[in-house]
Amino acid sequence: MTYLQKIIDDVKLKDPDQPEFHQTAEEILSTIEPVLNNNSIYVKSKVIERLVEPERQIIFRVPWVDKNGELQINRGFRVQHSSAIGPYKGGLRFHPSVNLGIIKFLAFEQTFKNALTGLSIGGGKGGSDFNPRGKSDLEIMNFCQSFMTELYRHIGQFIDIPAGDMGVGEREIGYLYGQYKRISNTFEAGTLTGKGISYGGSLARKEATGYGVLYFVNSMINYHGHSLTGKKVIISGSGNVALYSCKKAVELGAKVIAMSDSDGYIYDENGIDFKTMHNIKEIQRKRISEYVNYFPKATYTKGRGIWNIKCDIAFPCATQNDIDVNDAQALIDNGCFAVGEGANMPTTNAAIKLLLDNNILLAPAKAANAGGVATSALEMAQNSARLSWTFEEVDSKLKEIMKHILK
Ligand code: NDP
Ligand code: 2IT
């Protein structure tokens, strides 16, 4: 048994109930043998054994009161994975599927992604099994305030800087930051990123992950002699990453023919209208099925199946394990030539292998979606300098960072 395989086996034995963490550890460790062969110091100093064990894992109770006056109890997490090159940095995910294994996988991925940006940010991730779907603004506020009432003691601009992820956007960051400010009695803006513009947020942070994915994939396919012009694109999800991937894809000349949420997907052969989709999802906070009320020629289909639609480029921007081997085979059979991972670990390890064996250009998540966290670091820089840059300044820095990552 090889040295790396033994570490993978030990990881599985130690935490048998964390399949997503096993998957990410396996994905990374199965590719780094050449690095270790050239750097025996990494083996000697047990760098890999250290990296599969987070520096700190915090689990806490989150009691809050719902709209019926009933007490609800959720579980909160923060995994501070690595502070080797900077303070822990990474988002918060509110989704009923959240458990320690999922937060650990995300924190592990975040460490490598953050290092790739070239900026001095370590890796962390947090969240809760709280389900924001259908909750009123006041319920979201109650939950966020209670969550921060515990989290605040573990974070800070030089310690750990949370931001958004699934189920956490500008609204939630506002409630979280407000509570942080009250109980810490400081205006320490650099403690959270993804804030509203009026109290220390950065222009272009909201757009950054999706824009970054498109900058990365555009450069990648250009290098291989392709362009986005006229290409048929499918984007899974319709949240922050998916929406701004859609916006930039259209700006760069592609046609987005399908998008989804966890209930189903929209197909529009004329190209999905970003403004309408944005209005339904980000402003009205409704389901994607509403889209057909605005564009009756578009179709809505319940369930999975978005990857069976013929396309040139696929952008999984929803959640982990969105593309399995059957989906990958369908993409290959339909002539898709590139996949850009907007979500974290959206492709199973078997599907990655199948795509690469078939010479599909694959933009891996840790590189392709790093624009979000990179722009979070730019937000921190602006907070430290007590300055605000223009949209164009931030966007041009984002472009440079994505170019640097691709190289
Ligand atoms: P959002 O909560 O804004 O959006 C998530 C989207 O994915 C929603 O449309 C949601 O639909 C959909 N979705 C969730 N589960 C499924 C499923 N099982 N099948 C199909 N669709 C599903 O999250 P983000 O856009 O912020 O995050 C999306 C992905 O990108 C995540 O993997 C996240 O970790 C990653 N990411 C996010 C960054 C950021 O800056 N926000 C940065 C880098 C990566 P529904 O409404 O039905 O739940
Ligand atoms: O997965 C990610 O990179 C994010 N959710 C963004 C993290 C951040 O700190 O901006």
Side-chain angles (χ1 to χ4, degrees), residues 20 86-98 102-103 105-114 116-117 119 121-127 131-134 155 160-173 191-195 201-202 204-213 235-246 259-266 277 280-282 285-289 302-307 315-323 327 341-347 365-380:
E20 291 85 2
Y88 309 110
K89 177 83 195 91
L92 296 171
R93 175 178 291 191
F94 292 170
H95 194 272
S97 64
V98 162
I102 288 184
I103 299 299
F105 116 66
L106 290 163
F108 186 71
E109 296 247 320
Q110 197 81 48
T111 293
F112 296 96
K113 179 196 315 194
N114 292 5
L116 261 183
T117 65
L119 303 165
I121 37 178
K125 201 85 180 194
N131 185 0
R133 190 152 156 188
I155 62 174
D160 182 355
I161 305 98
D165 193 82
M166 288 171 71
V168 178
E170 193 178 311
R171 172 182 61 172
E172 290 73 21
I173 294 293
T191 295
L192 280 166
T193 61
K195 299 179 294 298
S202 174
R205 171 60 188 92
K206 187 171 68 177
E207 292 84 355
T209 310
Y211 280 21
V213 172
I235 299 174
S236 69
S238 46
N240 173 270
V241 180
L243 280 174
Y244 291 97
S245 294
C246 170
M259 290 182 79
S260 62
D261 61 20
S262 58
D263 295 333
Y265 62 90
I266 290 289
M277 191 57 93
I280 294 168
K281 297 299 301 186
E282 205 174 286
R285 297 181 185 276
K286 288 199 173 148
R287 308 303 298 159
I288 203 172
S289 53
K302 274 193 180 164
R304 289 183 90 244
I306 193 170
W307 306 120
F315 289 94
C317 295
T319 189
Q320 64 270 9
N321 294 329
D322 190 3
I323 297 184
D327 301 320
E341 295 187 329
N344 287 309
M345 202 169 75
T347 315
K366 287 180 276 301
N369 75 27
V373 73
T375 307
S376 278
L378 300 179
E379 181 172 332
M380 290 159 65

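In each ligand, atom 1 is the first atom listed, and ligand 1 is the first ligand listed.
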So which protein heavy atom does [atom] come closest to, and at what separation?
atom                   : value
atom 7 (C) of ligand 2 : G91 N, 3.5 Å
atom 3 (O) of ligand 2 : K113 NZ, 2.7 Å
atom 6 (C) of ligand 2 : R205 NH2, 3.6 Å

When you measure from atom 8 (C) of ligand 2 to each heavy atom in G372, G123, A163, A208, which option holds the nearest one?
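The nearest heavy atom belongs to A163.
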Could you tell me whether [X] and ligand 1 have an N or O pair separated by under 3.5 Å?
X    : result
N240 : yes
T209 : yes
K113 : no
K125 : no
A242 : no

Consider ligand 1: state whether an atom of it lies below 4.0 angstrom from any non-hydrogen atom of [X].
X    : result
R93  : yes
S236 : no
R304 : no

Using a heavy-atom cut-off of under 4.0 Å, does the side chain or the backbone of V241 touch ligand 1, or both, or neither?
both
For D261, is there an ion pair with R133 - N to carboxylate O distance below 4.0 angstrom?
no
Can you tell me which residue among K89, E379, R205 is in a side chain to side chain donor-acceptor pair (under 3.5 Å) with T193?
K89
What are the atoms of ligand 2, with element, lying closer than 4.0 Å to any heavy atom of [X]?
X    : result
K89  : 8 (C), 9 (O)
Q110 : 1 (O), 2 (C), 3 (O), 7 (C)
S376 : 8 (C), 9 (O), 10 (O)

In terms of atom number and element, which parts of ligand 1 are under 4.0 angstrom from non-hydrogen atoms of C317?
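By the 4.0 Å cutoff, the relevant atoms are 28 (C), 29 (C).
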Which of the atoms in ligand 1, numbered in the order shown and given with their element, are less than 4.0 Å from a heavy-atom of N344?
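Ligand 1 atoms under the 4.0 Å threshold to N344: 32 (O), 33 (C), 34 (O), 35 (C), 36 (N), 44 (C).
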